Amino acid sequence: MKEVFLVMDMGGTQIKIALIHGNGKIIQVKSLNSRAEMTMENRLEALVPDINELISTDYNLKGIGIAFPGIIDFDKGQILSKYVKYPQAHITDIPGWAKKHWDVPLLIENDARAALVGEWQHGSGKNCDNLVMVTLGTGMGSAVLINAELLRGKNYLAGNLGGHMSIDFEGDFCNCGNKGCVETAGSTWALKRNLEKIPNYKSSSLAQGETLNFLEVFTKASQGDEVAEKLKLKSLEAWAAAIINLLHAFDPEKLILGGGVMQSKEEIIPFLEKRVGERSWLSEAGVEIVAAEQSKYAGLLWVVLLARETYSLNGDFE
């Protein structure tokens, strides 16, 4: 009977569940609607039949890992921050849930840190022990690896809040309560507000829809929509400012970019390389800027390494 880990990547719209072998090979993957309006406790209980179906009688479950979009106390397996989705996640006994149903240990990690470990072990960060990862999309997440060690900090904030660095102290209030955060200029949730600040924005086809996303903004900009071009550049400049701050703070060998926005990587990466060359203390050759290779599965592939470190597991569990 194969010994496996079960890993969940709990996004705001989708939950990915996978069985992973001890060598990092993904055996099965299942995607489910997040139903993130449910409390965390109720959502986890609702996932039990899906998990049992995946495990069946063919596998011996060694442990469970969860990648979650919030501030995580990795050592206690606890979510520390409140999140607009999965209400009451911060007061849910998640390790207790795993013990009750399967009597196995549980690891929970911030989703950006999880993605960074996945890229380090299986993607564009292989053979490199000093990395910064930035995920772009609904917000901006970040994670840092220094000398092969994940940066967490005393309060588990370290390297994790790239999107909430203030780049304009006279700017808009952010949804976190700070002022002028990167996300106020470069996130999906702020696109509509920033669109409506552009003169003659109603002349743009972007103004016709109920919601906005970056794919639409980049597409319309490439088609000559001047308003879309201004909105795109505002986000690019915000990301560049944040990334230069991260590069100065952590001095990595590589910067890995992930998230849905990287569908436009041919435009984003050259822009960032140019700004880093112009405005940072680094030359363009001082850091390599690359796209994530494991864009679908990086948030699932982290668990094997951290499980080995945490529980002193050896080999491939067989």
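Residue numbers count from 1 along this sequence. Every value quoted in this text rests on a predicted model; they were computed, and no experiment measured them.
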Mind checking whether [X] and [Y] have side chains closer than 4.5 Å, heavy atoms only?
X: F74; Y: T310; value: yes
X: N175; Y: H164; value: yes
X: N130; Y: N147; value: yes
X: L255; Y: L246; value: no
X: L136; Y: F214; value: no
X: L44; Y: M8; value: yes
X: F218; Y: I268; value: yes
X: I71; Y: L161; value: yes

Look up atom [atom1] in [X] and atom [atom2] in [Y], then write down how far apart they are to the nearest 0.5 Å.
X: L131; Y: E253; atom1: CG; atom2: CD; value: 7.5 Å
X: E288; Y: I256; atom1: CD; atom2: CD1; value: 9.5 Å
X: E149; Y: D129; atom1: CD; atom2: CG; value: 9.5 Å
X: I15; Y: N33; atom1: CD1; atom2: CG; value: 8.0 Å
X: D111; Y: L116; atom1: CG; atom2: CG; value: 11.5 Å
X: L61; Y: E3; atom1: CG; atom2: CD; value: 10.0 Å

Out of curiosity, does [Y] fall in the hydrophobic cluster containing [X] (side-chain heavy atoms, cut-off under 4.5 Å, transitive links)?
X: I26; Y: V304; answer: yes
X: L106; Y: I51; answer: yes
X: L233; Y: W239; answer: yes
X: M140; Y: L151; answer: yes
X: M38; Y: V48; answer: no

Okay, side chain of [X], backbone of [Y]: is any donor-acceptor separation there less than 3.5 Å?
X: T135; Y: G259; result: no
X: Q294; Y: E119; result: no
X: Q263; Y: G260; result: yes
X: W120; Y: C128; result: yes
X: K16; Y: K296; result: yes
X: N160; Y: S142; result: yes
X: S235; Y: A185; result: yes

More than 12 heavy atoms from other groups under 6.0 Å of [atom1] on [X]:
X: E41; atom1: CD; value: no
X: Y297; atom1: OH; value: no
X: E226; atom1: CD; value: no
X: K82; atom1: NZ; value: no
X: K179; atom1: NZ; value: yes
X: N200; atom1: CG; value: no

As a quick check of understanding, evaluate side chain to side chain contact (heavy atoms under 4.5 Å, CB included) for L107 and W302, giving each step before the final call. CA-CA 10 Å; L107 299 176; W302 60 279; 4.1 Å; yes

Can you name the closest pair of heavy atoms from [X] and [Y] and give their distance?
X: A207; Y: Y201; value: CB-O, 3.6 Å
X: T184; Y: A190; value: O-CB, 3.5 Å
X: T188; Y: N213; value: CG2-CA, 4.4 Å
X: F5; Y: A307; value: CZ-CB, 3.3 Å
X: V227; Y: P199; value: CG2-O, 4.4 Å
X: I108; Y: I79; value: CD1-CG1, 3.7 Å

Between [X] and [Y], is any side-chain donor less than 3.5 angstrom from a side-chain acceptor?
X: N110; Y: Y156; value: no
X: N178; Y: S166; value: no
X: H122; Y: E293; value: no

[X] with [Y]: basic N within carboxylate O range, under 4.0 Å:
X: K220; Y: E216; result: no
X: K192; Y: E196; result: yes
X: E53; Y: K30; result: yes

Could you check E45 against H101 for side chain to side chain contact (heavy atoms under 4.5 Å, CB included), going step by step and ending with a plain yes or no? CA-CA 9 Å; E45 289 298 326; H101 288 287; 3.0 Å; yes

Using the ring of Y86 (Phe, Tyr or Trp, six-membered ring only), decide whether R43 places NZ or CZ under 6.0 Å from its centre and within 45 degrees of its axis. no

Start with the C-alpha distance between T92 and W97, add both sets of side-chain angles, then the distance that settles side chain to side chain contact (heavy atoms under 4.5 Å, CB included), and finish with yes or no. CA-CA 9 Å; T92 301; W97 166 79; over 6 Å; no

Passes side chain to side chain contact (heavy atoms under 4.5 Å, CB included), E273 versus V276? Steps please. CA-CA 5 Å; E273 288 173 338; V276 168; 5.8 Å; no

